[in-house]
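Contents: one structure, followed by commentary.
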Amino acid sequence: MESDAGLAPEVESILAAARDRGGGGERVAVDARSLTDAFEAAEDDERVPIIAEVKPTSPTADGERTDDPIELAERMVEGGAAALSVLTEPEHFGGSAETLERVREAVDVPVLRKDFVLHEAQLDVVAADVVLLIVRFLDEDGTDDLEDLLAAARDRGFQVLVEAHTAAEVERAVAAGADIIGVNNRDLAKLEVDLGTFPAAADAAPENVTLIAESGIGTPDDVARMREAGADALLVGSAIMDHGGDSDVAANTRRLTQAETDT
Ligand SMILES: O=C(O)c1ccccc1NCC(=O)[C@H](O)[C@H](O)COP(=O)(O)O
């Protein structure tokens, strides 16, 4: 990859580790649980479609959550999560492929693999229902192209969440053929969160794209703001995990999944 000028040191470190990480071995073949069906089921049940993230820690977290990730995942589903996201990045987020595998066995909702995939071989690490591809970190020297990775992921049976941060990146994702696009409110260059990001970028996506608002969402008011701006679903980590605390992740999830029904 070219120079990472302008990236926060933590992000440079994440990308350096991702470049060094190899792939799995055997080619993965997935019979994926449908993410859009899970969102529809949540809507039918009057739950806000939330992807709750099992994220033991992160460069911006206030501490670590050391409870059993499988129990956390099960409690998130009890709280109404339509889907789960599991960090598999080990060095900065405390994740692992093994955790994802165990979570996916323990729950029946779709599971997103959250990692920094730069090369096709890195898709062959673990079966998940959805994989993440981040526009900003692809199409650079030393990484595979977004289009090629999207096709390689679909060939293996994965659904693909393509992550953007600006309207231009949403357009890039659409041009590459993405049908599920996340707009990250966290600027991955500087690690700053601005909830104005999703509303500013969402209009660049056509109607037929499933749009997910990511990061920095913590309250029912934040849920309302993202939904009014066109979010079909929301990805929430820190506010549910309560890093450094020990609050009930089922209650934390329920507060957001019930945001449109509680008065
Ligand atoms: O969360 C971080 O600190 C972080 C740092 C560097 C790169 C990526 C990072 N997060 C990835 C994510 O997109 C979030 O885990 C996800 O959207 C949930 O965000 P939040 O609800 O704010 O925990």
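Numbers here are sequence positions counted from 1. When a ligand or atom number is given, it counts from 1 through the structure's own listing order.
At the shortest separation from atom 6 (C) of ligand 1 among protein heavy atoms lies L191 CD2, 3.3 Å. Closest to atom 17 (O) of ligand 1, if we only count protein heavy atoms, is S215 OG, 2.7 Å. Closest to atom 1 (O) of ligand 1 among all protein heavy atoms lies K55 NZ, 2.8 Å. Here the protein heavy atom with the shortest distance to atom 3 (O) of ligand 1 is T60 OG1, 2.5 Å. Among all protein heavy atoms, the one lying closest to atom 10 (N) of ligand 1 is R186 NH1, 3.6 Å. Among protein heavy atoms, the minimum distance from atom 7 (C) of ligand 1 is reached at L188 CD2, 3.6 Å.
One finds a salt bridge joining D179 and R154 here, because a Lys/Arg side-chain nitrogen approaches an Asp/Glu carboxylate oxygen to under 4.0 Å. A salt bridge links R156 with E120: the distance from a Lys NZ or Arg NE/NH1/NH2 to an Asp or Glu carboxylate oxygen falls below 4.0 Å. One finds no salt bridge joining D248 and R254 here, because no Lys/Arg side-chain nitrogen approaches an Asp/Glu carboxylate oxygen to under 4.0 Å. Ion pairing between R113 and E89 fails under the 4.0 Å rule for side-chain N and carboxylate O.
Atoms of ligand 1 lying under 4.0 Å from at least one heavy atom of G216, given by number and element, are 20 (P), 21 (O), 22 (O). Of all atoms in ligand 1, listed by their number and element, those nearer than 4.0 Å to a heavy atom of K114 are 11 (C), 12 (C), 13 (O), 14 (C), 15 (O), 16 (C), 17 (O). Residue S238 approaches ligand 1 through these ligand atoms, each under 4.0 Å from one of its heavy atoms: 20 (P), 21 (O), 22 (O), 23 (O). Counting atoms of ligand 1 from 1 in the listed order, those under 4.0 Å from a heavy atom of S58 are 1 (O), 2 (C), 3 (O). The atoms of ligand 1 that sit less than 4.0 Å from any heavy atom of I14 are 6 (C), 7 (C). Annotation for ligand 1: atoms under 4.0 Å from non-hydrogen atoms of G237 are 18 (C), 20 (P), 21 (O), 23 (O). Against a heavy-atom cut-off of under 4.0 Å, L235 is close to the following atoms of ligand 1: 17 (O). Each of the following atoms of ligand 1 lies closer than 4.0 Å to a heavy atom of V236: 21 (O).
Heavy-atom separations between P59 and ligand 1 include at least one value shorter than 4.0 Å.
Put simply, the residue from L161, V183, V236 that forms a side chain to side chain contact (heavy atoms under 4.5 Å, CB included) with E214 is L161.
For atom 16 (C) of ligand 1, the choice among H165, M241, H243, E53 with the nearest heavy atom turns out to be E53.
Here I217 has no heavy atoms under 4.0 Å from ligand 1, in either its backbone or its side chain. Contact annotation for H92 and ligand 1: no heavy atom of the residue comes within less than 4.0 Å of the ligand. Residue-level proximity to ligand 1 for F93 is carried by the side chain, the only part with a heavy atom below 4.0 angstrom.
Residue E163 has no nitrogen or oxygen atom sitting less than 3.5 Å from a nitrogen or oxygen atom of ligand 1, judged on distance alone.
Side-chain contact check for T88 and D115: at least one donor-acceptor pair (N or O, by modelled atom type) lies under 3.5 Å. For the 3.5 Å distance criterion, the side chains of E64 and T57 fail to qualify, holding no donor opposite an acceptor. If you check the side chains of D187 and T197, you find no donor sitting under 3.5 Å from an acceptor.
A distance-only check finds no donor-acceptor pair linking the side chain of D129 to the backbone of A32 [under 3.5 Å].
By the 4.5 Å heavy-atom criterion applied to side chains, R75 and T253 are not counted as neighbours. Between S238 and R65 the shortest side-chain heavy-atom distance does not fall below 4.5 Å.
Considering every non-hydrogen atom in both V109 and R33, the closest pair reads O-NH1, 2.8 Å.
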